[in-house]
Structures are given as structure tokens and as C-alpha cells.
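Counting convention: from 1, in listed order, for ligands and their atoms alike. From a predicted model like this one, the values you see are computed outputs, not experimental measurements.
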Amino acid sequence: MSSNFLPCQIKAVDYSANISTSNVDSYVVVHDDGMPSDLLSYVSEAKKIDKGFESEVSCFKHDNKLAIYSPLDLNDYSDVREYFKAAKKGVARAIKAGSLNPMLILPSRPKYKHAELNTVLGALSALYVPIQYREDVPEKAERIKCLNISWSQKDQLKDLIEKAKSLESGLYIARDIGGGDPERMSPPNVASYVEKAFTSGIISIKVLSDQDEFVKDYPLFAAVNRAARSVPRHQGRIIWMEYKPPKPSRKTLMLVGKGVTYDTGGADIKAGGIMAGMSRDKCGAAAIAGFMKTVELKKPEDVHVIAALCMVRNSVGEECYVADEVITSRAGTRIRIGNTDAEGRMAMADSLCVMKERAVKENLPNCYLYTIATLTGHACVALGDYTAVIDNKVAENAGHGNSFCKAGDLIGDPSEISTVRKEDFEFIRSKGYGEDVLQCNNAPSSRTPRGHQIPAAFLIVASGLDKHDASSSIPLKYTHLDVAGSAGEVPDPPTGASLLSLSQLHLF
Ligand SMILES: [Zn+2]
């Protein structure tokens with residue numbers, strides 16, 4: 001396995017210096033802003049005679065090499081991702097042309113902050129090769145030799161490339177784990193991938209694999225795991241990761257990821273052709289694993305980060321959990337199962353409870369608790385390709401949701417705020433005597449009003465975070481991120497949604 005988690009070499013070059021660019025075999029530009037004057041004169045002439053020049057990728061010969069112009073489509077409603085998309089298209093065209101050493105020329109006065117970074121990340125995203133193809137056909141593991149980058153702001157280029165590398169390495173891991181098929185990225189295989197990916201010692205790793213320990217300490221996770229545990233290669237794992245900063249920590253990030261390696265729906269099986277694509281139900285955990293790589297490379301001096309990847313397969317079989325079972329969570333909440341396809345909230349609630357316990361017991365400063373999950377079809381219906389950000393009242397009072405969305409808008413990983421309300425808590429309250437919570441109703445989330453807000457209420461109550469609300473003596477900020485619509489669909493590589501926002505908000 002590649003140790004740097006990048007799709008190729010990345011090199012800073014100078015367009016105007018012939019020596020450093022002698023290997024370059026193509027140029028890719030996304031805008032005439034920042035374009036070297038000799039290229040610009042060609043582009044200006046081409047625009048006069050080609051009405052399609054600003055809407056299609058164009059190729060021409062320049063300096064005996066291939067030049068590719070990938071235009072931007074900017075208007076009042078566009079955002080920084082246009083630079084990502086244009087660079088991705090431009091580099092994809094260069095690969096098609098057979099280029100092995102393209103030079104990406106960055107814009108010099110872009111419309112948005114972080115447009116240069118998005119241009120680099122877009123180019124790199126076009127170069128990603130899925131892990132199973134890399135492993136099966138090693139000679140195809142790299143699509144090009146080197147991505148050469150030139151920018152008029154020469155003094156800032158090195159820092160920009162370092163930042164892009166730390167983010168891209170994280171995204172690369174998120175794509176590997178999220179995009180691997182249900183066997184390649186089964187829970188035990190995700191654990192060994194993570195162990196091999198983090199060997200610097202900067203991030204400590206503890207893999208829980210004792211199946212009986214799950215029954216005792218993670219009872220909701222264990223319910224989902226029950227059918228899969230009879231097949232050793234599908235048995236659940238909870239992967240704990242931790243970064244301790246060199247200086248006293250100013251803030252503590254506590255991230256819990258849904259890592260459902262395959263979601264059959266369980267006994268409430270996904271019928272009628274809606275099961276395909278369900279290997280992507282681990283993209284929350286995958287994004288967190290990737291974020292930990294960015295943390296490892298960035299080494300924040302005063303941010304403490306703790307992560308739990310809840311890797312489990314929601315299988316169907318004679319051992320599977322079923323609706324009507326009543327199970328007590330780690331926090332002591334008595335839960336009536338309503339639908340086994342609502343397994344993501346089950347997989348995460350006990351680990352979220354452990355985070356809560358640690359925050360209190362270790363008196364950790366300024367905690368931000370998160371769950372990140374491809375949780376509901378409802379989020380896709382409500383928000384399309386955008387991440388839903390659902391703060392508890394403590395996080396909302398601290399302005400978290402707005403800051404998170406602002407960070408995401410800046411860096412090209414946008415989210416929208418949803419609100420968990422009193423009715424959502426009423427909805428999950430069980431009517432049965434001696435029961436606290438109904439895990440889920442019996443309709444799909446996409447046909448349930450407030451289908452993506454309700455699970456946030458469940459996670460708060462099932463983990464015992466309701467005892468740490470705004471009026472309590474130890475209020476805890478908690479945010480649920482539903483990335484069901486933003487994580488990317490089969491067969492495209494996962495997007496790593498939420499990784500960039502978390503990095504922008506908390507690390508850079
Ligand atoms: Zn499900």
C-alpha cells in the first residue's frame with residue numbers, strides 16, 4: 001500500500017522557467033485569469049471564433065505540447081466547487097490525451113477564497129484509482145506520473161501544496177474505505193487497513209474485536225452485529241483512534257462514524273432493487289478515518305481528537321435482530337426496535353455514549369461531539385447532495401451549525417442546517433410501559449415527515465446526551481451530520497463529505 005495516500009507525485013513548478021518544466025507534456029488551465037500571456041493570446045483569439053469555447057473543454061497545441069482549457073461556469077449562485085469541477089474535467093481530458101506529466105496552472109485572482117485549493121483538489125480527484133483496481137492490477141495504480149503545479153503567487157505555492165496534500169491524503173483514505181466493496185472493506189479488513197495506514201505513532205489505534213464485549217458494552221451495536229458475527233470475516237469491529245496534541249488542548253473533537261459495511265436492511269430487508277449501493281453505508285466512518293489522516297499530517301498543536309469507527313454489517317439470517325425486541329443501551333435507555341433497517345443509529349449510539357462518558361470523566365475542554373453517517377434517505381430527498389447539520393441546543397447556542405456551514409462553503413464541502421425539535425423527541429418516545437424510546441417507525445425515512453431530524457433525537461436520548469442539555473451542569477455540544485446525500489454514489493468514488501468542513505473549521 002502506498003504510504004503517502006496520494007494518487008501521484010505533486011511538484012511545484014514555474015511556467016516561465018523552462019528547466020523546471022522540461023518534463024511537462026501538457027498544460028491545464030481553468031480560467032484565463034492567471035494564464036501566462038502566450039497562452040492567453042491564443043485563448044483570446046479562439047473565443048472570437050468559437051462560441052462554445054466558454055462552455056466546453058477545448059484542446060489546442062501550444063509550445064509543441066497539448067494545452068487544455070476547461071472553462072468555469074460562474075454566476076450568482078455558483079460557488080468555489082466550480083473550480084474543483086473545471087480542474088477535474090481538464091485533468092481527465094489530459095489523461096485521455098495520454099499526458100503523464102500535466103501542468104496545472106492555477107488562477108491568480110479567483111472569484112472565491114480557496115479557489116486555488118479547490119483547483120488542486122479537483123485535479124487530484126480525477127487521478128484517484130479505486131483500491132481494488134490498484135491491488136488487482138498494480139501496473140494501473142497510477143494514472144499519471146506527476147502533477148506539476150504553477151501559480152503566479154510563487155511564494156505561497158509550497159504552503160498551498162502542503163495543505164492540499166494533507167487534505168487529499170485524507171480524502172484518499174475516505175475513498176478507499178468508503179468505496180471498497182463489502183468484502184474488501186469488511187469490518188475486519190477496514191481495521192487492518194486503518195492499522196497499516198497509521199503507523200507514525202502520532203495517532204493511537206485500538207481495535208475492539210471481542211464479540212462478547214460488544215454485547216456487554218455496546219448492546220445496540222451488538223444487536224446489529226448479531227447476524228454477521230456468525231461469519232468470522234463479517235464480524236463487527238469498533239476502531240478507536242486518538243490524537244493527543246503537544247500543547248494543552250483548547251478543544252476536543254469527538255467523532256463517531258457509521259461504518260455499515262453492507263446494509264441489507266436486516267430482517268426488514270431492502271426489497272425491490274434498493275439494496276444495490278449499500279456498501280456506501282460506511283462513508284461516515286470512512287470520512288472520519290480520512291480526517292484522522294489530515295490530523296496526523298497537520299498535527300494541530302492544541303486540538304485533541306478522538307474517533308470511533310463503528311464498523312458492522314447489517315446482515316440478514318437466523319441470528320438477526322428483529323422488530324419488537326426491547327434492548328437497553330449502554331446509557332440505560334430502554335429501546336423498542338421498530339425497524340432493523342434503522343441500524344445506523346444503533347451502530348453509533350453506544351460509542352457516542354462512551355464519548356460522553358469520557359468528556360465528563362476526563363473533564364475534557366470545549367468538547368464537540370459528532371456523529372457522521374449516511375443515515376437517511378430522507379436527507380437526500382430534503383437536501384439533495386448536501387450534508388444535513390443538526391446541532392443539539394448546546395451546539396446551536398454556541399453558533400456551531402452556522403460556523404460549520406460557513407467553513408464548508410469556503411472550502412467547497414457545503415452543508416445545510418436542519419433543526420431537531422420538540423416534536424422529534426415526542427415522536428421517538430415509546431408508548432409502552434417500561435420503555436423509553438421507539439427506535440424507528442415502520443415506514444422508510446423518505447416517507448416519514450422529518451425523517452432525517454428524528455434520528456438526531458434518537459441519538460441524543462439513546463446515548464444519554466439528553467442529560468447534558470443546555471440547562472444541565474455539564475452541557476455538551478453535539479452535532480449529527482447526515483451525509484446520505486453528499487457522500488457520493490456507486491460507482492463514482494466517495495466524496496469524503498464533511499472531511500473538508502471539519503478540517504477548515506477545526507484544523508486550519
Ligand atoms: Zn439501514
Walk me through whether Leu220 and Gln439 qualify under side chain to side chain contact (heavy atoms under 4.5 Å, CB included). CA-CA 10 Å; Leu220 302 184; Gln439 169 236 22; over 6 Å; no

Only N/O/S atoms count here: what is the atom of Glu343 closest to the Zn ion (ligand 1) called? OE1

Result of checking Arg334, Arg336, Arg429 against Glu435 for side-chain hydrogen bond (donor to acceptor under 3.5 Å, both in side chains): Arg336

Among Glu242, Arg250, Lys251, which one satisfies side-chain hydrogen bond (donor to acceptor under 3.5 Å, both in side chains) with His304? Glu242

Could you tell me whether the Zn ion (ligand 1) has an N, O or S atom of Asp281 under 2.8 Å away? no

State, to the nearest 10 degrees, the angle whose vertex is the Zn ion (ligand 1) and whose arms point to OD2 of Asp263 and O of Asp341. 170°

Taking the six-membered ring of Phe508, is NZ or CZ of Lys163 closer than 6.0 Å to its centre and within 45° of its axis? yes

